[in-house]
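When reading the values below, keep in mind they use all heavy atoms of this one structure, side chains included, and skip hydrogens, waters and symmetry mates. In this chain, residues are counted from 1 in sequence order.
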Amino acid sequence: MSPSSALLPLLELEEELAQFWPTLLKTRTSFQFWKQEWQRHGECAASCVEGLNSPLRYFQTSLKLRASFDIHRALDEAVIRPSCDVSYQLVKIHSALSPFLGESLQIQCVQDNKGREVWVQVKIPLSKNLTLGCHHSEERDLAADFAQKPSPSSGHPCPQESPVYYFPIDHDRPHQPCD
């Protein structure tokens, strides 16, 4: 499926987005997923943050933020690595990430067809200037804005006591990396 006209500028980022922000759901194409991400997060960010007023600017900025918050390095240092067989306690993942991302991060999971809790995203509250947290009362916390909208995703906060799986991304089989 080709992108809608509003997302046509994303064609220049398609390779990078496919690598770092792939859809892992069978039910939609990458562009459908990115359109939803723009509508859910980008439009909200655009209303709060100057310069994020288009899908292209939003995704360019998001990819830069991804590079600056080196989650993979933090996990690697804590010996938390993608695996189909090894699970982790949520507290270990949170402890590895919070020094880099702040205490307010939220680790989101989905339940796979085998009943396992699978980590799918990290929510990080950012201030208007795209720094961690919201430390000034006059600034609106983007995460708080996001929380006000109903979530169409099946993601939920990972359970505290259940083992959490951190599956590898399989670009050849993104919907079934561990089956």
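Checked against salt bridge (charged side-chain N to carboxylate O under 4.0 Å, His left out), E14 has no partners two or more places apart in sequence or in another chain. Taking D112 as the reference, R116 meet the side-chain hydrogen bond (donor to acceptor under 3.5 Å, both in side chains) condition, with sequence neighbours excluded. Applying the ring-ring contact (aromatic ring centres under 6.0 Å, His included) test to Y166 and every residue at least two apart in sequence or in another chain returns W119. Remark: A46 engages W38 in a side-chain contact (heavy atoms from CB on, under 4.5 Å) (not counting sequence neighbours).
Residues L97 and A74 come closest through the heavy atom pair CD2-CB, 4.2 Å. When all heavy atoms are compared, the tightest approach of D70 to R73 is OD1-N, 3.1 Å. Across all their heavy atoms, E117 and P163 have their closest contact at CB-O, 3.7 Å. In terms of heavy atoms, A96 sits closest to L75 at CB-CD2, 4.4 Å.
Inter-residue side-chain proximity for C158 and I107 is flagged as met; some heavy-atom pair is nearer than 4.5 Å. Proximity of C84 to P168: side-chain heavy atoms (C-beta onward) are separated by under 4.5 Å at one or more points.
The structure places CG of L63 at 10.0 Å from CD of Q19, a figure rounded to the nearest 0.5 Å. In this structure, CG in L132 is found 9.5 Å from CG in L105, a value given to the nearest 0.5 Å. In this structure, CD in E50 is found 12.5 Å from CG in N129, a value given to the nearest 0.5 Å. Atoms CD1 and CG, from I71 and L101 in turn, are 5.0 Å apart once rounded to the nearest 0.5 Å. Here the OH-CZ distance, from Y88 to R81, works out to 7.5 Å after rounding to the nearest 0.5 Å. Annotation: the span from L56 atom CG to L7 atom CG amounts to 10.5 Å, rounded to 0.5 Å.
With hydrogens and angles ignored, the 3.5 Å screen pairs a side-chain donor or acceptor of S47 with a backbone N or O of C44. When atom types are taken as modelled, the side chain of S127 and the backbone of L130 share no donor-acceptor pair closer than 3.5 angstrom.
Pairs of residues two or more places apart, or lying in two chains, that qualify as side-chain hydrogen bond (donor to acceptor under 3.5 Å, both in side chains) and include a residue from residues 89-99 are S98-E103. For residues 57-69, the side-chain hydrogen bond (donor to acceptor under 3.5 Å, both in side chains) pairs, not counting sequence neighbours, are R66-H72.
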*Kindly indicate, with the supporting measurements, whether the criterion side chain to side chain contact (heavy atoms under 4.5 Å, CB included) is fulfilled by L17 and W34.*
CA-CA 9 Å; L17 286 171; W34 298 327; 3.3 Å; yes
*asked:* side chain to side chain contact (heavy atoms under 4.5 Å, CB included) for W21 and E16? Distances and angles first, verdict last.
replied: CA-CA 8 Å; W21 204 337; E16 193 175 7; over 6 Å; no
*Apply side chain to side chain contact (heavy atoms under 4.5 Å, CB included) to Q108 and H156, showing your working.*
CA-CA 5 Å; Q108 294 262 301; H156 55 268; 5.5 Å; no
*Test F69 against L65 for side chain to side chain contact (heavy atoms under 4.5 Å, CB included), laying out the working first.*
CA-CA 6 Å; F69 297 124; L65 285 168; 3.9 Å; yes
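Hydrophobic clustering of Ile, Leu, Val, Met, Phe, Trp and Tyr side chains at less than 4.5 Å, counting indirect connections, keeps V91 apart from V164.
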